[in-house]
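One-based numbering, in listed order, for ligands and for the atoms of each. Computed over heavy atoms, backbone and side chain alike; hydrogens, waters and symmetry mates excluded.
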Amino acid sequence: MAAHDHSRQKRSGLTKGAKVVLDALEKTHELTSAQEIHGQLRLEGENAPGLTTVYRALDSLVAKGYVQSVDLGDGEKRYEVVAPGEHHHHLVCEKCGQSNHLDQCLIEELEGNIRSKYGFIIKSHVLEIFGVCSNCDKAES
Ligand SMILES: [Zn+2]
Ligand SMILES: [Zn+2]
Ligand SMILES: [Zn+2]
């Protein structure tokens, strides 16, 4: 778990609920929905925060840069722990639903181009790539 240690450094200013949710997210490397986190916390203890608290905690963790939210287009946001202030994108298989984490943002260079061409200052972006993973592709052919 060494790769996630840096996210433990600056946790001051987090509410108790946010810390609990961050701990739960750090236990998994998968994209996890608020419902799933809530369910997992309920399994672990009686004093688990309610779903509203989980949503609020996720919002504040995203705002502080500890967690990124990912929209896979199915109406339910997924969350995962990232290095503070960093983010990445995913290759999402439409057949098996697996998502591969890309190791970096691919479009920072593109943002620079957009800025110089259109004078547009980008504050954020959403990019997930949908297709067929190599396993599903092999299974078909
Ligand atoms: Zn697949
Ligand atoms: Zn990811
Ligand atoms: Zn990006």
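Checking His88 against the Zn ion (ligand 2), an N/O/S atom falls under the 2.8 Å cut-off. Among the atoms of His87, an N, O or S atom falls under 2.8 Å of the Zn ion (ligand 3).
Ion pairing of Lys27 with Glu44 is present here, as a side-chain N (NZ or NE/NH1/NH2) and a carboxylate O approach within less than 4.0 Å. The pair Glu140-Lys95 meets the salt-bridge criterion, since a charged nitrogen lies less than 4.0 angstrom from a carboxylate oxygen.
Ser33 contributes atom OG, which lies 7.0 Å from atom OH of Tyr55 (distance to the nearest 0.5 angstrom).
His101 contributes atom ND1 as its closest N/O/S atom to the Zn ion (ligand 2). Restricting Glu80 to its N, O or S atoms, the one at the least distance from the Zn ion (ligand 2) is OE2.
If you put the vertex on the Zn ion (ligand 3), NE2 of His125 and NE2 of His89 sit 110° apart, to the nearest 10°.
Each of Gln104, His125, Gln68 was checked for a side-chain hydrogen bond (donor to acceptor under 3.5 Å, both in side chains) with His87, and the lone residue meeting it is His125.
Scanning both residues, Leu31 and Ser99, for their nearest heavy atoms gives CD1-OG, 3.3 Å.
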